[in-house]
> 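Following this message is one structure expressed as structure tokens.
Source: prediction; values computed, not measured. Convention: sequence-line order gives letters A, B, ...; per-chain numbering from 1.
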Amino acid sequence: MSTKQEEYEKSQLYRIRHSAAHVMAEAVLEMFPDGQVAIGPAIEDGFYYDFDLPRTLTPDDLETIENRMKELIKNKADFTCEEISASDAKKLFHDQTYKLELIEGLESGKLDDDGNPTDEKVPITIYKSGNFVDLCRGPHVKNTSQINPHAIKLLNVAGAYWRGDEHRPMLQRIYGTAWESKDELKEYLWKLEEARKRDHRKLGRELDLYSTNDEVGQGLILWHPNGGMVRHQIERYWDDQHIANDYDLVYTPHIGKASLWETSGHLGFYKENMYSPIEIEDQEYYIKPMNCPFHLHIYKSQLRSYRDLPLRFAEKGTVYRYERSGVLHGLMRVRGFTQDDAHHFCRPDQMAEEVDFTLDFSINMLRAFGFNDFQAYLSTMPEKRVGDEQMWQDAEAALEDTLKRMGVPYEVDEGGGAFYGPKIDLKVRDALGREWQLSTIQFDFNEPERFDLTYIGEDGKEHRPYMVHRALLGSMERFFGVLIEHYGGAFPAWLSPKQVMMIPIADRHNDYAHEVANKLKEVGLRVTVDDSSDRMNAKIRNAQKQKYPYMLVIGDREMEDSQVALRRRSGENPGAMSVDAFIALALDEIERKI
RNA sequence: GCCGGCGUAGCUCAAUGGUAGAGCAACCGCCUUGUAAGUGGUAGGUUAUCGGUUCGAUUCCGAUCGUCGGCUCCA
């Protein structure tokens with residue numbers, strides 16, 4: 001459990017939200033006296049409560065419930081806490097099946113009042129407010145008057161499984177948000193609105209970046225020319241950085257024989273996510289869900305000496321994974337995607353340095369794309385695992401030491417590692433303060449064993465190398481989605497699919513505009529000339545909407561003096577300058593990635 | 001996959017149990033313009049698909065596909 005979470009749970013805001021959930025439950029039960037209530041905690045930015053109701057809720061219901069909540073708050077009801085025995089609790093909640101199940105869990109000491117596994121046996125407490133009594137650990141505000149009725153809002157209804165288990169009943173979850181002041185609520189709603197405006201699916205269409213298509217299939221991305229240019233720029237930078245940092249670029253096929261996936265273990269533990277095999281001359285082949293087996297075979301293609309290590313094989317490898325239809329989401333969650341993958345092979349004595357390098361490289365890569373706020377998560381040894389304990393401890397120590405040395409804030413997820421090794425996940429915070437998980441750096445103790453990877457040591461004997469699997473951007477698709485939202489579609493010039501829009505004022509300026517455009521193209525700038533019959537104002541408007549970083553207005557004055565008049569996307573208007581001055585300015589900003 | 005919503009022109013959205021309409025975009029003109037929409041006209045739809053109810057369905061019902069909000073899972 002994170003420290004940030006613990007701090008939140010102690011805050012007044014947490015109490016307000018948790019209490020608002022109770023008030024909401026009271027309002028809902030007034031509407032549906034036979035309704036069943038499940039669980040209603042405070043969450044980031046708000047709260048929810050799950051209900052089992054005789055009918056589905058409509059948006060109108062939400063409004064009714066919200067209004068009733070505001071009335072209930074005005075009643076200034078006290079929240080009172082009481083510890084009771086399990087049998088009393090069962091009597092009290094005799095008609096609430098979900099609560100009874102929670103009481104069972106509490107009684108047996110295995111589950112807490114949210115139904116999560118716990119080691120400590122907690123006392124059973126109930127909280128009363130107004131006409132509502134809930135099985136609840138608290139804490140709450142003292143009185144509903146501490147909830148600001150002008151700072152709450154119900155947001156939406158959604159389905160949610162009881163206890164998050166897809167085999168159990170589907171409940172109706174109402175999400176709401178609550179703050180201390182009306183202004184904070186307003187700011188939060190503004191943020192939601194801003195997020196909607198920046199939604200990569202909306203911008204993806206408006207800026208003609210990518211699309212999906214029914215006939216092509218769900219979760220499969222068509223990168224349009226504009227998106228393709230952004231991707232090309234990302235990849236070009238990525239390639240250059242990797243080559244400069246002692247990576248070897250490799251390329252591997254999209255399919256591999258069944259036996260490969262048996263050796264790697266994927267048919268054992270990852271089959272759920274793999275597509276059905278293709279039969280070729282009586283052999284089964286699978287489309288790859290991961291790149292690692294191929295990279296391992298490249299390693300194995302020759303005898304490796306301890307002097308060769310570390311080896312770093314990098315590939316923008318396209319993989320296909322089965323994802324349930326309901327989870328697909330724009331570019332963020334797709335069925336075919338390209339990982340910016342790499343596998344490092346090193347000796348035990350190189351481990352610390354290798355991890356240092358990887359995290360440092362990762363952070364530098366992300367900084368280039370405008371991300372400066374990082375949060376790391378270290379996941380350690382789970383119960384079910386491969387590899388001996390010493391390896392785990394060494395690897396975990398290497399990961400943690402690196403985080404400390406580099407001063408990256410991190411939280412530890414005890415036992416949260418994959419069965420094959422511990423890992424660091426890196427999250428970045430975007431322009432709206434939202435967190436996205438991009439990089440992952442994980443040890444793999446499984447595959448080197450399965451493929452029997454070795455190197456010849458100084459002692460002339462065979463040794464097993466350590467293997468690190470890492471993706472920095474994650475996948476090109478998801479990263480592109482995050483980038484679109486981070487920049488709100490206004491990419492910095494170096495990434496922008498289109499960089500310069502030439503805006504001749506009248507037809508007589510067209511030839512000169514094209515002439516300048518050619519000059520700009522020669523130095524590598526991506527230029528468009530708007531020689532349509534639109535007025536200048538309309539041309540500017542169109543270029544703004546397409547988020548061109550530079551607009552060059554050309555009229556009689558510019559033509560006469562061999563100049564261009566620069567207008568920036570920001571609205572800033574530096575005015576006339578020579579073509580060379582503009583070239584210098586643009587190339588400098590592109591070079592500096594601003 | 002599950003629960004719920006939605007699917008009308010390229011986009012954003014109207015309308016109706018009785019043969020669908022606007023704005024923007026597109027196309028063709030006119031205008032030749034100084035920092036976010038000049039103007040006239042033309043064209044564009046088997047109302048996602050399939051089936052059912054009905055004299056008649058785009059509207060009502062069912063299924064399928066897609067999509068949106070969540071749950072679960074994840075790069």
> Does A/D239 have any side chain to side chain donor-acceptor pair (under 3.5 Å) partners at least two apart in sequence or in another chain, and if so, which?
A/K316
> Between the base of B/A75 and the ring of A/F337 - centre-to-centre under 5.5 Å, planes within under 30° - is that a stack?
yes
> Quick one: A/Q339 CD to B/C74 P, roughly how many Å, whole number?
14 Å
> Under the ring pair (Phe, Tyr, Trp, His ring centres under 6.0 Å) rule, collect the residues that match up with A/F337, sequence neighbours excluded.
none
> For A/K191, which residues count as a salt bridge (charged side-chain N to carboxylate O under 4.0 Å, His left out) partner, sequence neighbours excluded?
none
> If I take atom CZ in residue A/R478 and atom P in nucleotide B/A75, what distance separates them, rounded to the nearest angstrom?
7 Å
> Specify the separation, in whole Å, of atom CD1 of A/I441 and atom P of B/A75.
14 Å
> Could you tell me which residues satisfy ring pair (Phe, Tyr, Trp, His ring centres under 6.0 Å) with A/Y548, sequence neighbours excluded, listed by chain and number?
none
> Could you tell me which residues satisfy salt bridge (charged side-chain N to carboxylate O under 4.0 Å, His left out) with A/R321, sequence neighbours excluded, listed by chain and number?
none
> Looking only at side chains, do A/H509 and A/D556 share a donor and an acceptor under 3.5 Å apart?
yes
> Does this structure show an ion pair linking A/R196 with A/E193, if we count only N-O contacts that are shorter than 4.0 Å?
yes
> Please measure how far the C1' atom in B/G56 lies from the corresponding atom in B/C13, and state the result in whole Å.
28 Å
> Determine the interatomic distance between P on B/G23 and the same-named atom on B/U58; round to the nearest Å.
26 Å
> Could you tell me which residues satisfy salt bridge (charged side-chain N to carboxylate O under 4.0 Å, His left out) with A/R568, sequence neighbours excluded, listed by chain and number?
A/E572, A/E589
> Report the distance from atom CG of A/D60 to atom C1' of B/G4, rounded to the nearest whole Å.
15 Å
> Tell me the interatomic distance from A/Y161, atom OH, to B/C2, atom P, rounded to whole angstroms.
8 Å
> Please state the P separation for the pair B/C61 and B/A57 - nearest whole angstrom.
16 Å
> Given the P atoms of B/U53 and B/U16, what is the spacing between them in whole Å?
26 Å
> Can you give the dot-bracket line for RNA chain B, where a pair is Watson-Crick or G-U wobble with both atom distances under 3.5 Å, crossing pairs use [ ], and | marks a partner on another strand?
(((((((..((((....[..)))).(((((.......))))).....(((((..]....))))))))))))....
> Find every protein N or O atom lying less than 3.5 Å from an N or O atom of nucleotides 58-67 of chain B, and list the pairs.
| unit_1 | atom_1 | unit_2 | atom_2 | d |
| --- | --- | --- | --- | --- |
| B/G66 | OP1 | A/Q218 | OE1 | 3.1 |
| B/G66 | O2' | A/D214 | OD1 | 3.1 |
| B/U67 | OP2 | A/Q218 | NE2 | 2.5 |

> Can you tell me how far P in B/G29 sits from the matching atom in B/G18, rounded to whole Å?
41 Å
> Using a 4.0 Å cut-off on protein heavy atoms (strictly under), produce a 5'-to-3' string for nucleotides 32-43 of chain B with B for base contact, S for backbone-only sugar-phosphate contact, and - for none.
BBBBBBB-----
> In whole angstroms, how far is the P atom of B/C11 from the CG atom of A/L203?
16 Å
> Tell me, please, which residues at least two apart from A/D413 pass salt bridge (charged side-chain N to carboxylate O under 4.0 Å, His left out).
none
> Determine the Euclidean distance between corresponding P atoms of B/C71 and B/U64; express it in Å to zero decimal places.
24 Å
> State whether a side-chain donor-acceptor pair under 3.5 Å links A/Q442 with A/H469.
no
> Test: salt bridge (Lys or Arg N to Asp or Glu O under 4.0 Å). Region: residues 322-332 of chain A. Which pairs qualify, not counting sequence neighbours?
A/E166-A/R324, A/E323-A/R333
> Given the C1' atoms of B/U33 and B/G66, what is the spacing between them in whole Å?
45 Å
> Check whether any side-chain N or O of A/Y270 sits under 4.0 Å from OP1 or OP2 of B/C74, and answer yes or no.
no
> Please give the distance between the C1' atoms of B/C6 and B/A48 as a whole number of Å.
12 Å
> For B/G69, does OP1 or OP2 lie under 4.0 Å from any side-chain N or O of A/H329?
yes
> Whether A/R312 engages the ring of A/F361 as a cation-pi pair (distance to the six-membered ring centre under 6.0 angstrom, angle to the ring normal within 45°) should be assessed.
no
> Could I get the full list of side chain to side chain donor-acceptor pair (under 3.5 Å) partners for A/N510, not counting sequence neighbours?
none
> Starting at CG of A/D199 and ending at P of B/G69, how long is that distance when rounded to a whole Å?
7 Å
> If only side-chain N and O atoms of A/R168 are considered, is one of them under 4.0 Å from the OP1 or OP2 phosphate oxygen of B/C71?
no
> Please report, rounded to the nearest Å, how far the P atom of B/U49 is from the CD atom of A/E215.
14 Å
> For A/V334, answer base if it contacts any base atom (sugar-phosphate contacts may also be present), sugar-phosphate if it contacts only those atoms, and nothing otherwise; contact means non-hydrogen atoms under 4.0 Å.
base
